[in-house]
There are 2 protein chains.
Amino acid sequence: MPKKVTILDVAQFSNVTKSTVSRVINDSPLVNERTKQRVWQAIKELGYTPNRTARSLALGKNHVIGMVVSEQQISDVVLNPFFPTVLKGITTVANQQGYNILLLSLSGQDAQSYTEILQRHTVDGFLILGGPSDVNLGRDLDRMKVPYVFIGKHDPEAQHSFVSTDNEEGGYIAGKHLIDLGHRNIRLMVGEVKGSILVHNVERIAGFRRALGEAGIPFEDRLVVKMPTDMENSYYFLKTYLERDRPSGLILSNEVTSMSCLNLLLDEGIAVPDEISLVSFGDPQFFRNTRPSLTTVSQSVEWLGRTAMEMLLKRVTGGEWLPPKIIRKPEIVLRGSTKKCGV
Amino acid sequence: MPKKVTILDVAQFSNVTKSTVSRVINDSPLVNERTKQRVWQAIKELGYTPNRTARSLALGKNHVIGMVVSEQQISDVVLNPFFPTVLKGITTVANQQGYNILLLSLSGQDAQSYTEILQRHTVDGFLILGGPSDVNLGRDLDRMKVPYVFIGKHDPEAQHSFVSTDNEEGGYIAGKHLIDLGHRNIRLMVGEVKGSILVHNVERIAGFRRALGEAGIPFEDRLVVKMPTDMENSYYFLKTYLERDRPSGLILSNEVTSMSCLNLLLDEGIAVPDEISLVSFGDPQFFRNTRPSLTTVSQSVEWLGRTAMEMLLKRVTGGEWLPPKIIRKPEIVLRGSTKKCGV
DNA sequence: TTGTAAGCGTTATCAG
DNA sequence: CTGATAACGCTTACAA
């Protein structure tokens, strides 16, 4: 540790009191220009830097935002740009406004273990990646007046504070795009975690269904296929799946499953888009760099991060009011993985 | 904010003083079992959780490690698994030992702006990703007794605290692998940032040179090619480069340039490994999922993160002594991107 | 076994 | 404009 020089040292060195030094470093107008100079001089001389912890204690604020990430999420990061991309958005805003990010990782899954973490650390607010682990979490946090914003997944019914993409619309756009290209035999692939599918996919299914309906294609359960979410298992799942069912269009729900699908099709010699058209949800920048590049329902993950942080800081600093939830319409980025059916 | 219930509230509620409550929550042995029960009861009842800031101030320790990341690094994260992977290693250890990670991002590049950041935040130590931005940084930090560990890049001559891979050996292994396969016309591609190449590549060049020497192949400057490091520019650089020079073996220095190379070769219809063999430095897991999968000189990035954190915490907690630098020998993972020359 | 009281380094409220 | 002095919430000798 650097030898600690405190505000008192500076005060004595420049023949004033702590109060004055405090005023100087906080750029208070009510301090004589000359003493201000003297104090700054002393600060330089002694190499003083204010102790953030002490300041936090006195002010009751840290200028630190806790970012809650599940172990799971930080685990399968290779090839999954969600985490780093959202982080980029978050830090951009944080830096602008002089806030720092404290990484908080979860062990348990229940609201209890959540709130425990939440309170143990003195941070000014929470950004919760991947949405609430527990349905009641939002309600509990609201009740305890804990400032927070969920990023990504969310319950569309809930009144909780979150930022997300309009997944229903996304599912609709993806389906419509393929239908417009003449595809009739389309599958929506959704990740299955512990036997259930995530809320954002539930919404996408609804949108997909709407697109089918508009085109007069009857919806059947088999058009939505549950699959594993990791690289390894999704690859083998798709391998066996495509052996007995060969749609002309496939909608994938994220970067990882899209990559394994792309790899599998290449390995099996199935041409994209000639034999099968692919649409993926996810980061458009990422899918630009795959081969073939993929038609993408854009998630704008960086925007998610930026917006969530802005919402949270507005709330924390008690500034302007912002609507509790912000949902962005997705856009489709057309690339080389889709073409007219059967041409 | 949750209504703050302090140690004093608990004390009054359970008819003891702050001191006793403090002892209870710190699990001190010198407190009566029955009052201990009473106090815990009160804690539960009131929903008390200790304030970390206050505790930090009193103890002079935070249980927080600052992770210094350059803006640049957090910017080009898509497709670059270094950051998330090293983070995984770091958080694994941090969680085990009850530490948290504070993300610190750099604006300037000089040691001055570095140390300023370093001191403004009260953290117990620093993990500096990508190595020192300034040659003197390590020395300065050492002099100021700031606990730190550099991760990744480093000056091999320096006495500073860092963990890294043996890049000279890596360059040697990569070169030798291709040479053993009969290749004679090999290029080592190294990233160029602001006109100069990074230290870890300087070492790789040395190793590459050693491999050539052993095989009796004369070294020439043109065998080492400087190129841009981002997706976009590296793609176009390679495009023009390969028009006028067509080696039989290429060594790429990271994930991003490898991807753009792979994409380019595919786009141009140049077969890997039939027409050209590829070796890359980087994360073996990542390169397993490219097509073709790439022969990789493994960086074990997660190991870097884990080890760095362990070193730092040993130093912070003043436990056992650990050598200031730890360097790990790389391994080569053989995959489908290399084959015998001309067969 | 428990209480008292002095810090830890700031900020903030009064006076002067 | 500047100085005392009391917070902020917790730990820790030192007493009792």
Discussion item. Nearest heavy atom decides the nucleotide; on that basis, is Asn15(B) or Ala58(B) closer to the 5' end of DNA chain C?
Written reply: Asn15(B)
Practice prompt. Mind checking Ser56(B) for me? I need base, sugar-phosphate or nothing, with any heavy atom below 4.0 Å counting as a touch.
Written response: nothing
Worksheet item: Leu46(A) CG to dG9(C) P: how many Å, rounded?
Response: 15 Å
Worksheet item: Does Ser22(A) place a side-chain N or O at less than 4.0 Å from the phosphate oxygens OP1/OP2 of dT10(C)?
Response: no
Practice prompt. Report which part of the nucleic acid Thr35(B) touches: base, sugar-phosphate, or nothing (heavy-atom distance under 4.0 Å, all strands).
Written response: sugar-phosphate
Item to complete: Specify the closest pair of heavy atoms between Phe83(A) and Val86(A), including all atoms of both residues, with the distance to one decimal.
Response: O-CG1, 3.2 Å
Discussion item. For dG9(C) and Arg55(A) - does any side-chain N or O of the residue sit under 4.0 Å from the phosphate oxygens OP1/OP2?
Written reply: no
Fill in: Spacing between Leu57(B) atom CG and dT10(C) atom C1', to the nearest angstrom
8 Å
Worksheet, complete the sentence: By nearest-nucleotide position on DNA chain D, the 5'-leaning member of Pro29(A) and Lys18(A) is Pro29(A)
Item to complete: Using a heavy-atom cut-off of under 4.0 Å over every strand shown, decide if Leu30(A) touches base, sugar-phosphate, or nothing.
Response: base
Item to complete: Check every strand shown and say whether Val16(A) touches a base, only sugar-phosphate, or nothing at a heavy-atom separation below 4.0 Å.
Response: sugar-phosphate
Worksheet item: Could you give the CG-to-C1' distance, from Leu59(B) to dG9(C), as a whole number of Å?
Response: 14 Å
Worksheet entry | Ile7(B) CD1 to dG9(D) P, straight-line distance once rounded to whole Å | 11 Å
Discussion item. Below the 4.0 Å mark, does dT11(C) have OP1 or OP2 next to a side-chain nitrogen or oxygen of Ser19(A)?
Written reply: no
Practice prompt. Quickly work out the Arg23(A) CZ to dT10(C) C1' distance and round it to whole Å.
Written response: 13 Å
Discussion item. I want to check one thing: is the phosphate of dG3(D), taken as OP1 and OP2, less than 4.0 Å away from some side-chain N or O of Thr20(A)?
Written reply: yes
Worksheet item: Roughly how many Å is it from CG in Asn26(B) to C1' in dT1(C), rounded to a whole number?
Response: 17 Å
Worksheet item: Do Ile65(A) and Val123(A) touch side chain to side chain, with heavy atoms closer than 4.5 Å?
Response: no
Worksheet entry | Heavy-atom donor-acceptor pair, Arg52(B) side-chain to dG9(D) base, under 3.5 Å | no
Discussion item. For a quick check under 3.5 Å, do Tyr148(B) and Asp142(B) share a side-chain donor-acceptor pair by atom type?
Written reply: yes
Worksheet item: Rounded to whole angstrom units, what separation is found between the CD atom of Glu33(B) and the P atom of dT2(C)?
Response: 10 Å
Practice prompt. Return no unless some side-chain N or O of Asn51(B) is found under 4.0 Å from OP1 or OP2 of dC8(D).
Written response: no
Worksheet item: Whole Å only: how far is the CD atom of Gln37(A) from the P atom of dC1(D)?
Response: 14 Å
Item to complete: Decide yes or no for Ser161(A) and Met311(A): does some side-chain heavy atom of the first lie under 4.5 Å from some side-chain heavy atom of the second?
Response: yes
Fill in: Sole candidate of Val68(B), Val163(B), Leu137(B) that passes side chain to side chain contact (heavy atoms under 4.5 Å, CB included) when paired with Phe150(B)
Leu137(B)
Worksheet item: Does a nitrogen or oxygen in the side chain of Thr17(A) sit under 4.0 Å from OP1 or OP2 of dG3(D)?
Response: yes
Worksheet item: Do other residues, nucleotides or ligands put more than 12 heavy atoms under 6.0 Å from the CZ atom of Arg34(A)?
Response: no
